[in-house]
Amino acid sequence: MINPKLLRSDLDFVADNLAKRGYVLDKNKLRLLEVSRKELQIKVEQLRQQRNKISKSIGKNKGKGLDISEIKKDVDNVSASLINEESKLKQVNENLDRLTQDLPNLLHESVPQGKDDSSNKLHTEWGSPKTFSFDPLDHVELAEGLGLIDLEGASKLSGSRFAVLRNDLAMLHRALAQFMIDIHTLEHGYEEMYLPYLVNSQTLFGTGQLPKFKQDLFFVDGEKDLALIPTAEVPLTNLLRDKIVKAENLPMKLVAHTPCFRSEAGSYGKDTRGMIRQHQFDKVELVQIVKPEDSYNALDELLSHAEIILRKLNLPYRVVTLCSGDTGFSASKTFDIEVWLPSQNCFREISSCSNCEDFQSRRIKARWKNLEMQKPELVHTLNGSGVAVGRALIAILENYQNEDGTITIPDILRPYMKNREIISTN
RNA sequence: GGAGAGAUGGCUGAGUGGCUGAAAGCGCUCCCCUGCUAAGGGAGUAUACAUUAAUAGUGUAUCGAGGGUUCGAAUCCCUCUCUCUCCGCCA
C-alpha cells in the first residue's frame, strides 16, 4: 500500500508516478473522499470524547449516591448523533480503502519509462547463445524422444497446462531444486523453509495478490478460506506479518522450494506448447527482509544470487530492468533474468527479482526497531526466483542437447544424478 | 471426530462492569554508586490515527477477530479463528 500520508500531502506526485505505469488515478474522487473522511473523523472523535466524559461522571455520581437521570438524557443525545456520524464515516472509509488498496506501488526513479515489455532495458548479459551444428529440437521433442514426458497422461489427469515427468527427467527436476537450495543455503546465507501451499486471504492481501488479482489464483472450494500459493513469496513474506524485528536480526534471508499454482486466466493461446506456462510449476524462491536504507543493495545481491545459479549451470542469460509499464503491482523496481532457449531463438524469463520497498510491509505491518530513532519502522521486502525449476529444466534440455537427441548432464548436477553424465534412452 | 482449558503490552503474567492503556516481574534505555568483574539504587519504556511547526501537548481507538448488552466492557452474552491437554483415528 502506498503511504497514506504521502497520498494526502502530495497527491500530484503519486498520480504522476502511477501514470508512468499507465495507471490513471482519480485525484478528484480521492480528494473529496479525503475531505469528508477528515471532517467525519474529527466529528466522531469529538462525540466519543463527550460520551466518555459523561459516562465517567455517571460512575462518579453513582458512587456518591446522586441522581443520574438528567445526565443519562445528555448521553442519549450524544449517542444518537454518534451512531449517525459513525455510519457515515464507515462508508467513506470503505470507499477510500477500496481505492487505495488497488493502487500499485510507486516506482523507483531509476525504472525506465515504457508501456510494455518491448521497453525493458538490457542490464547485463552473460555467456553467449550456443550454436548448434544441427537443428536444435525444443524441449517437448527432446523429452518425448527420450520417453520422459507424458503430456497425454497429464491432460487426462488434470487437463491442459500440466505435465507428467518420468524417470530421468523427474530426477533431473528434483536435482535442480536440490542444487539451487544447496547453493543458497550453503553459499549465500539463506535459511531454508518448508511452507504451507495453501494460505488464507489475509495472507494473500499482505503481499498484494488480493483484492485485485483474485482471478489469477486457485481458491479451494468449501467453507475454508484458502487458496493455493502462486509463489512462495506469499507465505515467506507474510511470516513477518505483525512482527517487530530486532535490528540485529536484519537482514533476514529466506529460501523455500515450493510448487506454485496460477490460473493463467487471460493467457489463452499463449505458450500452449510444452512446459513453459503451466498451472503448476516448482520454484526456488528467495526473500529478504532488510532495513530501508539497505534495500537497493539487497536487490543487487539478490539478483546476483539468482544469476549464480545460471552461471553454475552454464546457461546463457541476460538481465533486463523492467520498464514502468511492465513492473508488477507490488514492486518498486524489478530485474528479470531471461535464459536462452535455442528452440525459440530468444531469451525467456526464468527469474524475477523485485524490491517492494515498504509496500508489502505496510500491508502486513512488518517492522523493525530502529535503535537510533527508538521507534518501530517498516522494513523493506524483496523477493526473487532463484530460479524457476520448470523453466531451468527446459533450458537444460534445450541447451545441453546432443545431435542424437540425448542430453548431457551439467557437471554441477551430476552429484545429484547418481554421477551420470548423460540422459539417453538406454 | 469426542471432552476440557485457554488467547492480555517486546516477553512472562495479574486483572469478572467505571478509580485499568492496563499490577508485578523480565528485557530494554538513561542516570547514580562502585578503582576491574559481580552486585546495588533511581527514573523511563505499547501501537495506530487525528489535531499540531513538533517524535511538545490534547483527543480517539486497540487486551485473538467480528457482532451484541450497557450511560460505560479486558471484564457479561453470541459467532468465528487459533493454541494447549486427554481420548479416538491417521501418513
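Side-chain atoms are counted along with the backbone in the values below, which use heavy atoms only and exclude waters and symmetry mates. Here is the naming used below: chain letters follow the sequence lines, and residue numbers restart at 1 for every chain. Please read these numbers as outputs of a predicted model, since none were measured by experiment.
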Check: How long is the line joining NZ of A:Lys43 and C1' of B:rU60, in whole Å?
Finding: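 These atoms are roughly 16 Å apart.
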Next item on the list: Using a 4.0 Å heavy-atom cut-off across all strands, classify A:Asp74 as base, sugar-phosphate, or nothing.
Entry: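 The answer is nothing, as A:Asp74 stays clear of every strand by at least 4.0 Å.
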Next item on the list: Go through B:rG10, B:rG18, B:rA61 for me and flag the one nearest to the A:Ser55 side chain.
Entry: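 Comparing B:rG10, B:rG18, B:rA61 against the side chain of A:Ser55, the answer is B:rG18.
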Checklist line | Nearest listed nucleotide, side chain of A:Val75, among B:rC71, B:rG59, B:rG10 | finding: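 Nucleotide nearest to A:Val75's side chain: B:rC71.
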Is it true that [Y] and [X] share a donor-acceptor pair across their side chains at a distance under 3.5 Å?
| X | Y | answer |
| --- | --- | --- |
| A:Tyr190 | A:His305 | yes |
| A:Glu264 | A:Gln278 | no |
| A:Thr203 | A:Asn238 | no |

Check: Does A:His173 have any ring pair (Phe, Tyr, Trp, His ring centres under 6.0 Å) partners at least two apart in sequence or in another chain, and if so, which?
Finding: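 Counting only residues at least two positions away or on another chain, A:His173 forms no ring pair (Phe, Tyr, Trp, His ring centres under 6.0 Å).
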Next item on the list: Compute the ring centroids of A:Phe162 and A:His279, then answer whether they are less than 6.0 Å apart.
Entry: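 When the ring centroids of A:Phe162 and A:His279 are compared, they turn out to be within the sub-6.0 Å range.
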Note to self: OP1 or OP2 of B:rA61 versus the side-chain N and O atoms of A:Arg51: is any pair under 4.0 Å?
What the structure shows: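 Yes, such a contact exists.
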Please give the distance between the [atom1] atoms of [N] and [M] as a whole number of Å.
| N | M | atom1 | result |
| --- | --- | --- | --- |
| B:rG72 | B:rU51 | C1' | 26 Å |
| B:rG66 | B:rA56 | C1' | 37 Å |
| B:rU8 | B:rA3 | C1' | 27 Å |
| B:rG13 | B:rG64 | P | 14 Å |
| B:rA91 | B:rC80 | C1' | 29 Å |

Next item on the list: Measure the spacing between OG1 of A:Thr100 and CG of A:Asn3 and express it to the nearest 0.5 Å.
Entry: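 Those atoms lie 11.5 Å apart.
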Note to self: By nearest heavy atom, map A:Lys72 and A:Arg48 onto RNA chain B; which one lands nearer the 5' end?
What the structure shows: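 The residue closer to the strand's 5' end, by nearest nucleotide, is A:Arg48.
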Notebook entry, point to check: Mapping A:Lys53 and A:Ile244 to their closest nucleotides on RNA chain B, which lands nearer the 5' end?
Noted result: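 The answer here is A:Ile244.
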Margin query: Are there runs of at least three consecutive Watson-Crick or G-U pairs touching RNA chain B, with each pair's two distances under 3.5 angstrom? Give them by first number.
Written below: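 For RNA chain B the paired stretches long enough to count as stems (3 pairs minimum) are B:1-7 with B:81-87, B:10-12 with B:24-26, B:27-32 with B:40-45, B:46-51 with B:57-62, B:64-68 with B:76-80.
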Under 3.5 Å, N/O pairs linking protein and nucleotides 48-50 of chain B:
residue	atom	partner	partner atom	Å
B:rC49	O2'	A:Gln41	NE2	2.9
B:rA50	OP1	A:Arg8	NH1	2.0
B:rA50	OP1	A:Arg8	NH2	3.1
B:rA50	O4'	A:Gln41	NE2	3.3

